[in-house]
Amino acid sequence: MAVAISLVQSTLFSKPSIFLRRNALKGFSFSIPFSSSSAQKTQSHKWRQPVVSVLELGGVKIGKDDVVRDDPTNNVPDEIFSKLGMQLHRRDQHPIGILKNAIYDYFDANYSNKFDKFDNLCPIVSTKENFDDVLVPPDHISRSYNDTYYIDPQTVLRCHTSAHQAELLRRGHTHFLVTGDVYRRDSIDSTHYPVFHQMEGVRVFLPGDWEASGMDGTSYAAEDLKKCLEGLARHLFGDVEMRWIDTYFPFTNPSFELEIYFQEKWLEVLGCGVTEQEILKKSGKTDNVAWAFGLGLERLAMVLFGIPDIRLFWSTDERFTSQFSKGQLGVKFKPFSKYPPCYKDMSFWINESFTENNLCEVVRGVAGDLVEEVQLIDNFTNKKGMTSQCYRIAYRSMERSLTDEEINELQWNVREQVQSKLKVVLR
Ligand code: DAH
């Protein structure tokens, strides 16, 4: 469940701090190893991508054992490992790659190729890079095992591309874009998937840039940022109405969100702001001012291409992949067919360490991309203080009709694994 829910995840950081969610901390001590060696992982799942055992990510060789381990400090399941190295953002014929290239075009045209572009940085980063370097407070919800994939207590799968800001500033880059796959534990519905793609932008100013304007550095950067991003929104969406919302991010002050009015709704496009001075100072840039932004590519691609379900981005079905071509932004997706969903309910008595994200991980571990939504439909506490919850699971394939038999087997496996891994009592 995202902290502040809007469309497609990207709002995890827009709350000041602390564990707003019940049980968020519990994930630490009670985290469940979902790793490969557990005996139940032997069934064949035809719809999954093959799991490669050695990968090269941004010049780093990664073995499966480096990422997935049967150890309580590791919560990376096989399904997540299998997404490493897929890099949808580097495919020129894929909606995510097409959108990335369209944003590159905007920056190249308006800043005469001044922005350095990174789209192959390793997604395995330290907690220092992912959190400390961008001033995420020690008690922030995003640091919990319930929200982030930990490889070990000091290493995570990046949960945002902001993880690379400090390092690139330290290396002396002053204008840059970072695109990459990011990973978050979350609930399941048509706009949330545990792997998605973000683009980060940073621009650094020198005192000479703002002094002549008569403005202070912060106001100058904020104004420049807004102009730049309004131009980007017009480049992608055409002549749309826009509004700026004041918000909070740990890494920027002031912080804003840009919304556009598109298809009769206000749509959150991105988060941004003037970089906290401390980040610049630590990167050896004491006299500078900078702006930064981060945007979720799936969120934008879903509306630009009319893609109704976030799982489709991962589809290898030719009826999906053949609809997109290099450089063609916003060609509307034609659904090839809508197969019927099948709903199954399950109720259980939860325990102290139960979280919806843990439940969703187990369900995805069994059903993969055949699960469309997991929704809490009933919740009550009895006189003895025991809490029962009922979840409705929607199974639906994007590519074919599922048989009753297949769904019953999935549901049976889900029930069994929810019981054994989450230690809840089924009703
Ligand atoms: N990292 C933020 C997120 O994932 C997005 C973001 C917001 C990035 C503001 C930024 C920024 O660089 O300035 O929710």
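Whatever order the structure lists them in is the order used to number ligands and atoms, beginning at 1.
Taking both residues in full, the closest heavy atoms of Pro335 and Phe333 are given as CD-O, 3.5 Å, listed atom of the first, atom of the second, then distance. In this structure, Arg299 and Val269 approach most closely via the heavy-atom pair CD-O, 4.5 Å.
At a heavy-atom cutoff of 4.0 Å, ligand 1 is contacted by no atom of Trp291, backbone or side chain. Contact annotation: for Met199 versus ligand 1, there are no heavy atoms closer than 4.0 Å.
Across Phe196, Phe256, Phe249, Phe13, heavy-atom proximity to atom 7 (C) of ligand 1 is greatest for Phe249. Closest heavy-atom approach to atom 8 (C) of ligand 1 within the set Gly201, Gly294, Ser255: this belongs to Gly294.
Per-residue contacts place Gln198 under 4.0 angstrom from the following atoms of ligand 1 (heavy atoms of the residue considered): 3 (C), 4 (O). Which parts of ligand 1 touch Gly273 is read off a 4.0 Å heavy-atom cut-off, strictly below it: atoms 13 (O). Near Cys272, meaning under 4.0 Å from any of its heavy atoms, are these atoms of ligand 1: 9 (C), 11 (C), 13 (O). With ligand atoms numbered from 1 in the order given, ligand 1 contributes 7 (C), 9 (C), 11 (C) to contacts under 4.0 Å with heavy atoms of Gly271. Close approach of ligand 1 to Gln165 is summarised as follows: ligand atoms under 4.0 Å from at least one heavy atom of the residue are 12 (O). Listed by number with element, the atoms of ligand 1 under 4.0 Å from a non-hydrogen atom of Thr252 are 13 (O).
Residue contacts with ligand 1: Ala292 is placed with a nitrogen or oxygen under 3.5 Å of a nitrogen or oxygen of the ligand (distance criterion only).
In the displayed structure, Glu56 atom CD is contacted under 6.0 Å by more than 12 heavy atoms of other residues, nucleotides or ligands. Within 6.0 Å of CD on Glu318 lie no more than 12 heavy atoms contributed by other residues, nucleotides or ligands. With a 6.0 Å radius and a threshold of 12 heavy atoms from other residues, nucleotides or ligands, Lys332 has its NZ atom above the threshold.
For Phe313 and Tyr193, the distance between ring centers is not under 6.0 angstrom.
With sequence neighbours excluded, the residues satisfying side-chain hydrogen bond (donor to acceptor under 3.5 Å, both in side chains) with Lys344 are Asn408.
Within the structure, the closest approach of Glu276 to ligand 1 does not fall below 4.0 Å when heavy atoms are considered.
Judged by a 6.0 Å distance limit and a 45° cone about the ring axis, Lys83 is not positioned over the six-membered ring of Tyr183.
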